Amino acid sequence: MPPSSRARPVVLTVAGSDSSCGAGAQADLKTFQAHGCYGLTSITCVVSEVPGRVEEIRAMPPRMVSSQTRLSLEAFPVAAAKTGMLFSATIVKAVAACLQHTKIPLVVDPVMVASSGDALLELPAISAYKTHLFPLATVVTPNLDELSLLVGYQVKNQREMRKAGIALSREFGCAFLVKGGHLRGDTAIDILVRGEECDEFASPFVRGVSTHGTGCTYSAAIAAGLAKGLGLRESVASAKRYVTAAISGTLRWGITQALDHAVEVRSRTR
């Protein structure tokens, strides 16, 4: 049932549907619920995937994505929004058009590459993100692979993370949370960049875990914090604690150990 006027904060996720429910809109809804928020969804793609394997992506028509997003914003007191997998330039533009006149906090998770290495974004969408969506964002949350695509060179260490984050924050006028978990050191360090100001968020790197959906969960937790009225730094700190605990307490399913990671992705747009 939808929330009453006195109920929990409302958060909208514009994201893909993950059949394994470990990432995408399903992971976002779980995270919103855990943070005491009511979640809404605007589904951009239906993805047949399990951890380590993406089999097929079927994108929704941009008009349908716009309709879902617009109706949610009209009918509910949305306190914050986040975007996840948008897949195509036309979907990015459609989402930006719906959000451009709102004043709610917006977390943009630029989902480009799955943990398995499979592409989750058509290349023209990168330019659309930069032109249409990043200027609307409160914070953008790229991992190292996504950060490298955005700046056009391979980011290999914390110094380069900081440099890239500062350059992007200056260019687009929003904060960037550059995530360093893929560096695989003893400590997972993320850097929140706002202009020249940088804050680090560190936690012990959890070994022996095959992660799936951590970026979705992290960005959803930040959006939930913003919806509850927390500042950006406090929202990121809370989300970092939450996602670290989620990784430490991950569920393991034996079937995923035998999956072939080298699977062709078949993309179709209706």
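Since the structure is predicted, the reported quantities are computational estimates derived from the model, not experimental observations. Heads up: numbering here begins at 1 and tracks the sequence.
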> Could you walk me through whether Q68 and I43 pass the side-chain contact (heavy atoms from CB on, under 4.5 Å) test, one step at a time?
CA-CA 8 Å; Q68 296 175 80; I43 301 299; 3.9 Å; yes

> For Y129, which residues count as a side-chain hydrogen bond (donor to acceptor under 3.5 Å, both in side chains) partner, sequence neighbours excluded?
none

> Does anything in residues 63-80 form a salt bridge (Lys or Arg N to Asp or Glu O under 4.0 Å)? List the pairs, not counting sequence neighbours.
R70-E74

> Honestly curious: do I191 and F176 fall in one hydrophobic cluster under the side-chain, below-4.5 Å linking rule?
yes

> Taking the side chain as every heavy atom from C-beta outward, state whether S48 and V54 have any pair of such atoms under 4.5 Å apart.
no

> Less than 4.5 Å apart, any side-chain heavy atom of L136 and any of F134?
no

> Is there a side-chain contact (heavy atoms from CB on, under 4.5 Å) between L150 and I126 once you walk through the steps?
CA-CA 7 Å; L150 291 173; I126 297 177; 4.2 Å; yes

> Applying side chain to side chain contact (heavy atoms under 4.5 Å, CB included), can you list everything that pairs with L230, at least two apart in sequence or on another chain?
E234, S235

> Using the test salt bridge (charged side-chain N to carboxylate O under 4.0 Å, His left out), find all partners of E197 that sit at least two apart in sequence or belong to another chain.
R194

> Could you tell me the separation between the CD atom of E122 and the CD1 atom of I91, rounded to the nearest 0.5 Å?
8.0 Å

> Which residues end up grouped with V46 if you chain together Ile, Leu, Val, Met, Phe, Trp and Tyr wherever their side-chain heavy atoms are less than 4.5 Å apart?
none

> Report yes if some heavy atom in the side chain of M85 is under 4.5 Å from a heavy atom in the side chain of I57; otherwise report no.
yes

> Do V95 and T83 come within less than 4.5 Å of each other through their side chains, counting heavy atoms only?
yes

> If I compare all heavy atoms of C198 with all of V193, which pair ends up nearest, and what's the gap?
SG-CG2, 4.0 Å

> Which heavy-atom pair separates T69 from V65 by the least distance, and what is that distance?
OG1-O, 2.8 Å

> Suppose we screen for side chain to side chain contact (heavy atoms under 4.5 Å, CB included). Which residues come up paired with A202, at least two apart in sequence or across chains?
T187, I189

> Output the distance between atom NE2 (H132) and atom NZ (K93), rounded to the nearest 0.5 Å.
4.5 Å

> Salt-bridged, R162 to E160, with N to O below 4.0 Å?
no

> Are L12 and V140 grouped together when hydrophobic residues (ILVMFWY) are joined by side-chain heavy atoms under 4.5 angstrom apart?
yes

> Check whether any side-chain heavy atom of L192 sits under 4.5 Å from a side-chain heavy atom of F201, and report yes or no.
yes

> Would you name the heavy atoms of A27 and G22 that are closest together and state the gap between them?
CB-O, 3.5 Å

> Kindly give the heavy-atom pair with the smallest separation between C216 and G24, and that separation in Å.
SG-N, 3.3 Å

> Mark yes or no for whether S19, through its side chain, and E49, through its backbone, hold a donor-acceptor pair below 3.5 Å.
yes

> Not counting sequence neighbours, which residues clear salt bridge (charged side-chain N to carboxylate O under 4.0 Å, His left out) with D28? List them please.
K82

> Return yes if some donor-acceptor pair links the side-chain N/O of K228 with the main-chain N/O of A223 below 3.5 Å, else return no.
no

> Got a second to check how far S238's OG is from R233's CZ, nearest 0.5 Å?
12.5 Å

> Please find the pair of heavy atoms, one from A137 and one from V108, that lie closest to each other, and give the distance.
CB-CG2, 3.7 Å

> Heavy-atom distance under 4.5 Å between the side chains of M161 and L144, does that happen here?
yes

> Who passes side chain to side chain contact (heavy atoms under 4.5 Å, CB included) against T102, sequence neighbours left out?
L73, L99, I104

> Of all residues at least two apart in sequence or in a different chain, which pass the side chain to side chain contact (heavy atoms under 4.5 Å, CB included) check with C21?
Q26, K30

> Mind checking ring-ring contact (aromatic ring centres under 6.0 Å, His included) for F32 and listing every partner two or more places apart, or none if nothing turns up?
none

> Treat each ILVMFWY residue as a node, draw an edge where side-chain heavy atoms are under 4.5 Å apart, and state whether V111 and L29 are in one component.
no

> Which heavy atom of A89 sits nearest to which heavy atom of A125, and what is that distance?
N-CB, 3.6 Å

> Are D190 and K179 within salt-bridge range, i.e. N to O under 4.0 Å?
no

> Check side-chain hydrogen bond (donor to acceptor under 3.5 Å, both in side chains) between S20 and all other residues, then give those that pass, not counting sequence neighbours.
D18, H212

> Is the number of heavy atoms from other residues, nucleotides or ligands under 6.0 Å of K163 NZ greater than 12?
no

> With a 4.5 Å cut-off on side-chain heavy-atom distances among I, L, V, M, F, W and Y, is there a chain of contacts connecting L133 to V78?
yes

> Just by distance, no angles: are the side chains of D109 and Y218 close enough, under 3.5 Å, to form a donor-acceptor pair?
no

> Pairs under 3.5 angstrom only: tabulate donor-acceptor contacts from the side chains of residues 166-173 to other protein residues two or more places apart or in another chain.
from: S169; atom 1: OG; to: C174; atom 2: O; distance (Å): 2.8
from: S169; atom 1: OG; to: G195; atom 2: N; distance (Å): 2.8
from: R170; atom 1: NE; to: E196; atom 2: OE2; distance (Å): 2.8
from: R170; atom 1: NH2; to: E196; atom 2: OE1; distance (Å): 3.4
from: R170; atom 1: NH2; to: E196; atom 2: OE2; distance (Å): 2.3

> Taking atom CE of M112 and atom CG of L123, what is their separation to the nearest 0.5 Å?
9.5 Å

> When rounded to the nearest 0.5 angstrom, what is the spacing between OG1 in T138 and CD1 in I222?
10.5 Å

> If you measure from CG on L121 to CZ on F87, what distance do you get to the nearest 0.5 Å?
8.0 Å

> Checking H35 side chain against T31 main chain: does a donor-acceptor pair fall under 3.5 Å?
yes

> Find out whether P61 and M64 are in side-chain contact, i.e. whether some heavy atom of one side chain is under 4.5 Å from a heavy atom of the other.
yes

> Using side-chain heavy atoms (C-beta onward) and a distance below 4.5 Å, is M60 in contact with C45?
no

> Determine whether Y242 and V236 fall in the same hydrophobic cluster, where Ile, Leu, Val, Met, Phe, Trp and Tyr are linked whenever their side-chain heavy atoms lie under 4.5 Å apart.
no

